[in-house]
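Below you'll find the structure, written out as C-alpha cells, and then a few comments.
In listed order, ligands and their atoms are each counted from 1.
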Amino acid sequence: MLSKTPPMGFNTWNTFGENINDRMIRETADAMAEKGLLAAGYKYLVIDDCWSERQRDPVTGKIVPDRIKFPNGMRAVSDYVHGKGLKFGMYSCAGTRTCANYPGSFDHEFLDAQTFAEYGADFLKYDFCNRPSTCNGPLLYKRISMALKASGREILLSACNWGSDEVQTWIRSVGAHMYRSTGDIFDNFVSYRDIFMSQIDKFPYSAPGCFNDIDMLTVGMYSKGNVSGDGQGCSDVEYKTEFALWCMFSVPLMLGCDLRAINDTTLKLVTNKNLIRIDQDEEGRPPFCCFKEHGGMSRIFVKVLSDNEFALLFLNLSDNRARSFLILEDMGIPVASGKGLQITDAFTGEDAGVIREYKEQWLEPHDCAVYLAKIV
Ligand code: GAL
C-alpha cells in the first residue's frame with residue numbers, strides 16, 4: 001500500500017518555483033540523505049511545475065525535459081535520486097497546460113504516465129489548471145489514475161485540485177493517495193492558519209490510503225523563495241505550530257524550504273521523532289476538539305493513537321496570550337474513574353507529570369504545546 005501513512009518528502013515549488021535544475025535536485029537529494037531527513041521518513045523528492053520544454057516533441061508527442069535545466073534528461077536525475085535511497089516524484093496537470101503554462105496531460109494521460117514510468121517516477125503530483133469544459137474533475141482524476149495503473153510502475157497519485165468539487169467525497173474512490181484540499185500556501189502565519197481552519201470539519205475524510213494534503217510546509221523558509229507572498233515569513237514559534245498542526249491532523253509532510261541550507265532549529269523540528277510518530281500513526285484518526293474559545297482561535301485537540309496512546313495539542317492561533325483548560329471529563333475520563341493522564345512534552349521529550357481532573361495551559365500568541373499521553 002503506497003500511502004498507509006501520510007507521504008513525507010520534499011517538493012521544489014515553495015522555494016524554487018521555476019528555478020529548478022539537475023544540480024539543485026542532486027544537491028537536495030544529497031542533503032536529504034546526509035542530514036538525516038531520509039532516515040526520519042522524508043523519502044519523496046518531487047519536482048513540481050516548470051521542468052519541461054514549452055512544447056511536446058512534435059514527432060513522439062511526448063513531454064520533453066527542459067534541455068537547459070535538465071541537460072542529462074530526467075532518467076539520469078531519477079537514477080541519482082534513487083541512488084541516495086530516495087523516491088522520485090514528477091508533476092503534471094489535468095488541463096492542456098500546467099498552471100505555469102507548460103504542456104499539461106489532458107488527452108495524453110496514458111502516454112505521459114508511460115513517460116513518467118520510463119523516468120522511474122514513484123510519485124505524480126497532478127494539478128488542475130487549464131482543463132477543458134468537456135470533462136469534469138472526477139473524470140480527469142480517474143483518467144490519470146487509470147493511466148498510472150497501466151504504466152507498469154507503482155506510482156503514488158498526489159491530486160491537486162485545491163478542494164474543488166467536494167474533492168474529499170470522491171477522490172479516495174478514484175485511486176489517489178493524497179489530495180490538495182485548499183488553495184496555495186504562502187509563507188506567513190495567516191496563510192497556514194486559514195488553510196488549516198478551512199479543513200477542520202473535513203479531516204474525518206482523511207485516512208490511511210488517501211490523505212488530506214493542506215499543502216507543502218513553509219517551515220524553515222524565513223520568507224525566502226517562491227511563495228514568500230508579502231515577504232513576512234514566520235517566526236520559529238509559528239513554524240513550530242505549523243508543523244504541529246500538520247502532524248496532529250495526519251497531513252502529508254512535504255518540506256518546502258531549501259534543504260541544502262536548512263538551519264539547526266528547522267532540522268530539529270522536522271525530524272522530531274514524537275511529532276513524526278503522531279503524524280505517521282498507522283490508525284490515522286482525526287482528532288476531536290475538547291476546548292474552544294476566543295472565536296475558535298484557542299483550542300485543544302485530542303488524537304487517539306495506536307498502542308493506547310494519545311496526542312494532545314494545545315493551540316493558540318489568536319494574537320493574544322491565552323489560557324486553555326483540558327478537562328479530562330470532556331475527553332471521556334470522568335473523575336470517578338480514578339484515572340489521570342501521564343504526559344510527555346512531545347517537543348522536548350521531557351516527562352511533564354500526570355494530569356488529574358484538568359490541565360491549565362497558558363500559551364503565547366501563535367504558540368502551541370503538544371504532549372504524548374497515556375491513561376494511568
Ligand atoms: C498550483 C499548485 C501549486 C504548484 C503550482 C505550480 O496550482 O497548487 O502547489 O504546483 O500550481 O504552477
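Checked against F128 for a ring-ring contact (aromatic ring centres under 6.0 Å, His included), the options Y179, W162, F106 give a single hit: W162.
Using modelled atom types, one finds a donor on one side chain and an acceptor on the other under 3.5 Å when comparing N263 with Y222. Side-chain polar atoms of S318 and N320 form no donor-acceptor pair below 3.5 angstrom.
Taking 4.0 Å as the cut-off between side-chain N and carboxylate O, D30 and R26 do not count as a salt-bridged pair. Taking 4.0 Å as the cut-off between side-chain N and carboxylate O, E18 and K69 do not count as a salt-bridged pair.
Close N/O approach between D215 and ligand 1 is not found [any backbone or side-chain N/O within under 3.5 Å]. Looking at ligand 1, you won't find any N or O of W13 less than 3.5 Å from one of its N or O atoms.
The residue C50 has no part lying near ligand 1, judged by heavy-atom distances below 4.0 Å. Neither the backbone nor the side chain of F128 has a heavy atom within less than 4.0 Å of ligand 1.
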Per-pair distances, 0.1 Å, donor-acceptor, side chain in residues 149-159, under 3.5 Å, sequence neighbours excluded:
from, atom 1, to, atom 2, distance (Å)
S151, OG, L148, O, 2.7
S151, OG, R153, N, 3.2
S151, OG, R153, O, 3.4
R153, NE, A121, O, 2.7
R153, NH2, G120, O, 3.2
R153, NH2, D122, OD1, 2.6

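Looking only at protein heavy atoms, the nearest one to atom 9 (O) of ligand 1 is K125 NZ, 2.8 Å. At the shortest separation from atom 12 (O) of ligand 1 among protein heavy atoms lies D49 OD2, 2.8 Å. Remark: minimum distance from atom 11 (O) of ligand 1 to any protein heavy atom is reached at D127 OD2, 2.8 Å. In terms of protein heavy-atom proximity, atom 8 (O) of ligand 1 is closest to D184 OD1, 2.5 Å.
Applying the 4.0 Å criterion to heavy atoms of C160 picks out, from ligand 1, the atoms 2 (C), 8 (O). Applying the 4.0 Å criterion to heavy atoms of D48 picks out, from ligand 1, the atoms 4 (C), 6 (C), 10 (O).
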(message) Using disulfide bond (SG atoms under 2.5 Å apart), reason through C99 and C129 one step at a time and then give a plain yes or no.
(response) CA-CA 5 Å; C99 301; C129 286; 2.1 Å; yes
